[in-house]
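Structure, as structure tokens:
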2 protein chains.
Amino acid sequence: MNKPATIKDIARILKISTSTVSRAMRNATDVSIETKNAVVALSEELNYLPNKFALSLQQKQTHTIGVIVPNLDYIMATMLKGIDEVALEAGYTVMVCQSNESFGREIVNTKRLSNSIVDGFIVSVSSETKVFDHFKKIQAQNVPIVTFDRVIPELTVPSVYLDNKDGGSQATAHLIEQGYKRIAILAGPKNMEISNHRLNGYLAALKKYKIKVDLDLIINCDFNQDYAFIATQELLAMKKRPDAIFTISDRMAIGAMLAIKDKGLTMPSDIGLVGFNNEPLLSLLEPAISSVDQPAFEMGKAAAKLFIQMMHNTEDMSNVKEVLKPKLIVRESSQKNQKIKRIK
Amino acid sequence: MNKPATIKDIARILKISTSTVSRAMRNATDVSIETKNAVVALSEELNYLPNKFALSLQQKQTHTIGVIVPNLDYIMATMLKGIDEVALEAGYTVMVCQSNESFGREIVNTKRLSNSIVDGFIVSVSSETKVFDHFKKIQAQNVPIVTFDRVIPELTVPSVYLDNKDGGSQATAHLIEQGYKRIAILAGPKNMEISNHRLNGYLAALKKYKIKVDLDLIINCDFNQDYAFIATQELLAMKKRPDAIFTISDRMAIGAMLAIKDKGLTMPSDIGLVGFNNEPLLSLLEPAISSVDQPAFEMGKAAAKLFIQMMHNTEDMSNVKEVLKPKLIVRESSQKNQKIKRIK
DNA sequence: ATTTTAACCGGGAACGATGCCGGTAACGAT
DNA sequence: ATCGTTACCGGCATCGTTCCCGGTTAAAAT
């Protein structure tokens, strides 16, 4: 019906020029107090809001951050909250696109958001993505990118991530200390950085405790519950089956748990289990599942802070890396030795 | 470094006018095939992408939908996936803002997105929101709004929602049929529409089975796990305590479950329990919790479809309401009568 | 040979805002 | 009386794109 009022409408009605209106609207210099009052009064009456596109067209800034995430599970949602909080504080609006773990969707999303619709990107890559040309292209146009959680090593951009190796190491060492002997790992796809680092942590822990690596106990499977279920079934069907499993995600831990129960085995006595992410639901399961906690909210905040710093600073920040520390949360599923009270 | 190429750059290099470039770029009419090829070739070489702001400034369309949601839990994330799918298909980009169940944040979000940054809104309101002026203001500017899940009755806009009364009724009737006599309900805040409708369903089922309503068994508490825990503790401390609880969300069901276990009672024999939303984790709990399933993905899709219809159609759609049907999923927590196989 | 028609292209305004630059009026100082 | 200063305001270009309108050329029709 009534289209939004523009600066011209105000100028026309007050019989002054658009420049004057523009000035009156933001700084008080070079405008008489009466004009200013008149403009402000009328603008409120007309419900005037400056057109963002006209502004962006001129100033080449949108104050919008494009955030591309692989999914919206608990951990991501928590990270997003962190991003949101910092971004909002700094006057930025956040545009979230989920790639659904799909390479194609990721490309579509970057295309849509790039070319001036957003000032830059905060990205966690899809598990499918093996080629990073779409991000390189963006970077070549000098559009700021910050990666978080799932970073892109071949892209020299500031990034925030977990010390995944440490996490894998903590989990594995814990299982060893609990007396488990044959510890399997359900790792993710081979192209996933975080998976490989967690695997490296696993290997490091074995080495530290002088346990020989058994390649049959290292499974690369897809990053979800169903595949983990199948992979665990196969593990449990082995002649010399493992007596503990470390999965690099909680979703996979749940798949493993179901397979273990399905087979009639019990945790932690027959099989020990440790997951990764520490989703809250783990404490509700029986047995409650141990998991490596990551400070997701903090990670989101750190990523957004890095981004905003990059927008303000002129100096090169591409080598800034922020590494957060994981923390193993021990619950029943891996407590072979001592019985403890259930953690709520 | 190299700022993005514009239509002017192409025109200058090829020594033709910007109009011709513009035409060559989208429709083939009025452009010779050679010119068109040359333009396309060069535009690819220069990595040309049309500036969205210039376009939006002209055409008053952004092809962006602002989606405002109260949180990013499982059910919302699923709805968002539905919205995303339809929107992407139709050439729209989705901008997600979470209000964090906060009235203030919701207002900030609408302010930021409105005034031409988005073509319209798809909204599910915060549980805190009792006043809807910020949405009315948007509507007054003729910006399209679609509400979903948590709708706003006093706003005449197209909307998609669940038959919440039916859901509440199904859950309650099921508990009655299982032989539970004193059925309590944990409802949400009194200003929440969905809560009241589920409560109405509860009342309707009681009436149908001629069970007298006991007001002490109707608890309005906040929409989360911790409050539900406390509320359940109070329920269980009653002289004539209830023998079944229906909670209007799964989060609340979990809170109730914890309180029940804490007290040393068992489900379904001592207490029956039914939740709402059917989050996947419910099937993993012991006992697995019954819940009312809602077609979240479908709801998201329906909302986006409605929105896009509204953008295309000129006719008034403000009275279009789409009501989806819930479906009770029975699991162990409410199976007092017959023992059944565990549903995975 | 002249007119019609089609094919192709360029010029300029417009979208809404900002910012530079220049102009005018009033006033005080010399 | 003239100049300089201050306070205030308007004109115009600009951002990148599209659209309307008009113009030129060459081929086709008369």
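Just so it is clear, the model here is predicted, and its values are computed rather than measured. For the numbers below, each heavy atom of this structure counts, side chains included, while hydrogens, waters and symmetry mates do not.
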Using the ring of each side chain (for Trp, its six-membered ring), is B/H63 parallel, tilted or perpendicular to B/Y92, with breaks at 30° and 60°? tilted

When the distance from [atom1] of [X] to [atom2] of [N] is rounded to whole Å, what number comes out?
X     : N      : atom1 : atom2 : result
B/M25 : D/dC19 : CE    : C1'   : 16 Å
B/N51 : C/dG16 : CG    : C1'   : 14 Å
B/L46 : D/dG16 : CG    : P     : 14 Å
A/Q61 : D/dC15 : CD    : C1'   : 14 Å
A/L14 : D/dC9  : CG    : P     : 11 Å
A/Q59 : D/dG16 : CD    : P     : 13 Å
B/L55 : D/dC15 : CG    : C1'   : 13 Å
B/F53 : C/dT18 : CZ    : C1'   : 16 Å

Upstream residue (5' side of DNA chain C) when A/I7 and B/S32 are each assigned their closest nucleotide: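 The answer here is B/S32.
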
Taking for each residue the nucleotide of DNA chain C with the nearest heavy atom, is it B/I16 or B/Q58 whose nucleotide lies nearer the 5' end?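 Taking each residue's closest nucleotide, the earlier one in sequence belongs to B/I16.
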
Could you check whether any side-chain N or O of A/S43 sits under 3.5 Å from a backbone N or O of A/A41, counting only pairs where one atom can act as donor and the other as acceptor? no

Before you tell me yes or no, could you show the steps for B/M311 and B/D119 under side-chain contact (heavy atoms from CB on, under 4.5 Å), namely the whole-Å CA-CA distance, both residues' side-chain angles and the distance that decides it to 0.1 Å? CA-CA 9 Å; B/M311 296 299 293; B/D119 285 348; 3.7 Å; yes

[N] phosphate, OP1 or OP2: any side-chain N/O from [X] under 4.0 angstrom?
X     : N      : answer
A/S22 : C/dT18 : yes
A/K8  : C/dC15 : yes
B/K60 : C/dG16 : yes
B/T20 : C/dG10 : yes
B/S19 : D/dC19 : no
B/T18 : C/dG10 : no
B/S17 : C/dG10 : yes
A/R26 : C/dG19 : yes

About how many Å separate CD of B/Q61 and CZ of A/F53, when rounded to the nearest 0.5 Å? 10.5 Å

Starting at the 5' end of DNA chain D, which residue's closest nucleotide do you reach first, B/L57 or B/R23? B/L57

For the base of C/dC9, is there a side-chain donor-acceptor partner from B/D30 under 3.5 Å away?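 Flag set: donor-acceptor pair detected.
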
Please check if the distance between the ring centroids of A/F307 and A/H312 is under 6.0 Å. no

Sugar-phosphate only, base, or nothing, as touched by B/K36 at under 4.0 Å among non-hydrogen atoms: nothing

